[in-house]
Amino acid sequence: MDSLSQIVLGGAVAAAIAPAGHRRAALLAGAGLGTLPDLDGLLIVAFTDNPVSLMTIHRSFSHSLLVLPLLGTLIWWLYRRFGHGRVAEAPGRWWWAIVLALVTHPLLDAFTVYGTQLWWPLTPPPAMWSSVFIIDPLYTVWLLIGCAVAWWARARPLAQRALLAGLVLSTGYLGWSQLAKAQVDRAAGQALAGMGLADAPRFSVPMPFNTLLWRVVAMTPNGYVVGDRSLWADRGPMQFTGYPSNVQALRQAADIPAVARLNWFNHGFMRAQVQGGELVLSDLRMGLEPDYNFNFAVAVEQAGQWQALAPRQVAPAYRQAGNRGVLKQRLAQMWQRIWQAPTAADAAVVNGGQAAQ
């Protein structure tokens, strides 16, 4: 999630647990601890400029549920031993405040689609519960209000009530996002089964800044299909459009380290294209067709074989000069799509035969 969400979550958690007389200190400490795991980016760039490594190492060691409790305990011990007397006055409550301010960070991140390596150094695919966008005001606002009231009210009971209300409402919003996702997944499953893609790997993710409009991507033998679903406006079968991917080149290059790493990291949800003799892989989880946020040139074709090259990140078209208005236009279209179902003229339903092409 975005830094503001992590700051107010950490602050609210720590301040709700620490003694009332320590509330402002806990808000500040929790805010710092809540954003601490994301400083891994500063460490990673000191050791590599490989864009694939930068993407796939982020949210790993610094987001591990096997690491953060140990780090939190170390921070707690240092403050108790050498720091201000607050931690020594209430060591038990401060231990919980410090550790939970850290641990809630990766748990919140796991609700996004990017992927969070909760069990590093173990190597299951990153968790991607993908039920909230990386920035969602309806999650953050309750925590922000709770922290603001607590800062003003300090040790008064109103502060604790505001913090608890913020935590309950923000957590309830995450619960709603999972219920919304289940509705979308059910509609997508029914439509994909009718297309002969019942067993196709797929994921669903909310569109930016809301949980009413969702995108579903399913992989096919020769590419992928994409559909959107408005929980407000849509009724009836979900509609999908098919897109090609160079799956043959992807299979041939599967053993190249960057390809294998990306395949593990994004659960295989990627598009392969050959551009100027180079194999370019796009992460289908983040972005809108045809532009995706993370694109990497990872191999070059030589004598009919794919050879590894130093990975290079390729900017999406909407970030290139002269295309700055494209993103604004797409966001406006997305907002309109929340409230309006597609017309028959707009619909492009892909049946099983088309999806296999």
Side-chain angles (χ1 to χ4, degrees), residues 1-19 22-41 58-76 79 87 90-120 126-151 159-178 181 206 211:
M1 292 289 284
D2 63 285
S3 295
L4 177 60
S5 297
Q6 296 289 10
I7 286 170
V8 293
L9 174 60
V13 167
I17 296 172
H22 301 172
R23 187 153 287 137
R24 280 193 172 179
L27 281 167
L28 293 174
L33 292 167
T35 196
L36 181 63
D38 279 342
L39 296 182
D40 62 345
H58 178 48
R59 294 196 187 179
S60 60
F61 61 90
S62 68
H63 288 60
S64 171
L65 298 181
L66 302 178
V67 172
L68 288 177
L70 300 178
L71 176 61
T73 300
L74 175 61
I75 293 172
W76 169 82
Y79 266 95
V87 175
R93 294 180 73 168
W94 269 103
W95 183 87
W96 282 107
I98 291 170
V99 170
L100 289 181
L102 286 170
V103 167
T104 51
H105 179 118
L107 291 176
L108 179 58
D109 276 347
F111 279 90
T112 69
V113 77
Y114 185 95
T116 307
Q117 299 172 51
L118 295 178
W119 306 111
W120 186 94
M128 41 169 271
W129 303 332
S130 60
S131 65
V132 290
F133 188 65
I134 191 172
I135 301 174
D136 193 322
L138 286 180
Y139 172 80
T140 309
V141 65
W142 315 114
L143 294 170
L144 183 61
I145 293 172
C147 287
V149 171
W151 182 265
Q160 185 73 352
R161 290 196 293 269
L163 290 168
L164 292 177
L167 289 166
V168 168
L169 289 170
S170 62
T171 303
Y173 184 74
L174 293 179
W176 148 253
S177 74
Q178 287 289 307
K181 181 180 178 70
T211 51

Q: Taking the side chain as every heavy atom from C-beta outward, state whether W120 and R59 have any atom pair closer than 4.5 Å.
A: no
Q) Can you name the closest pair of heavy atoms from A162 and V149 and give their distance? A) CB-CG1, 3.5 Å
Q) Minimum heavy-atom separation for L167 to A16, with atom names? A) CD1-CB, 4.1 Å
Q) Would you say the side-chain atoms of W176 pair up with the backbone N or O of G172, donor to acceptor, closer than 3.5 Å? A) no
Q) Rounded to the nearest 0.5 Å, what separation is found between the NE2 atom of H105 and the CG atom of L100? A) 14.5 Å
(Q) If I take atom CD from residue Q160 and atom CZ from residue R23, how far apart are they, to the nearest 0.5 angstrom? (A) 5.0 Å
Q: Write down the atom of S62, the atom of L68, and the distance for their closest heavy-atom approach.
A: O-CD2, 3.4 Å
Q: Answer whether the closest heavy-atom distance between the side chains of T112 and M1 falls below 4.5 Å.
A: yes
Q.
Are D109 and D38 packed together at the side-chain level, in the sense that at least one heavy-atom pair is separated by less than 4.5 angstrom?
A. yes
Q | Residue W96 excluded, over 12 heavy atoms near CH2 under 6.0 Å | A | no
Q) If you measure from CG on L28 to CG on L33, what distance do you get to the nearest 0.5 Å? A) 11.0 Å
Q. If every non-hydrogen atom of V132 is compared with every non-hydrogen atom of L174, which pair is closest and at what distance?
A. CG1-CD2, 3.9 Å
Q: Go through Q117 and H63 one step at a time and tell me if the side-chain contact (heavy atoms from CB on, under 4.5 Å) criterion holds.
A: CA-CA 7 Å; Q117 299 172 51; H63 288 60; over 6 Å; no
Q) Would you say L169 and I145 make side-chain contact, with heavy atoms under 4.5 Å? A) no
(Q) Restricting to non-hydrogen atoms, name the atom on S60 and the atom on D40 that form the minimum distance, rounded to 0.1 Å. (A) N-OD2, 4.4 Å
(Q) Can you tell me if W151 has over 12 outside heavy atoms packed within less than 6.0 Å of its CH2? (A) yes
Q.
Using modelled atom types and a 3.5 Å cut-off, is there a donor and acceptor pairing between side-chain atoms of W76 and backbone atoms of P91?
A. yes
Q) Under 4.5 Å between any side-chain heavy atoms of Q6 and T104, yes or no? A) no
Q: Check whether any side-chain heavy atom of W94 lies under 4.5 Å from a side-chain heavy atom of P19, and answer yes or no.
A: yes
Q) Going by heavy atoms in the side chains, are S131 and T211 under 4.5 Å from each other? A) no
(Q) Is any side-chain heavy atom of T116 closer than 4.5 Å to one of L107? (A) no
Q: Over all heavy atoms of both residues, which pair between G72 and I98 is shortest? Give the atoms and the distance, please.
A: O-CG2, 3.6 Å
Q) When the ring planes of Y173 and Y139 are compared, do they come out parallel, tilted or perpendicular, using 30° and 60° as the limits? A) tilted
Q) Looking at CG of L143 and CG of L9, how far apart are the two atoms once the value is rounded to the nearest 0.5 Å? A) 6.0 Å
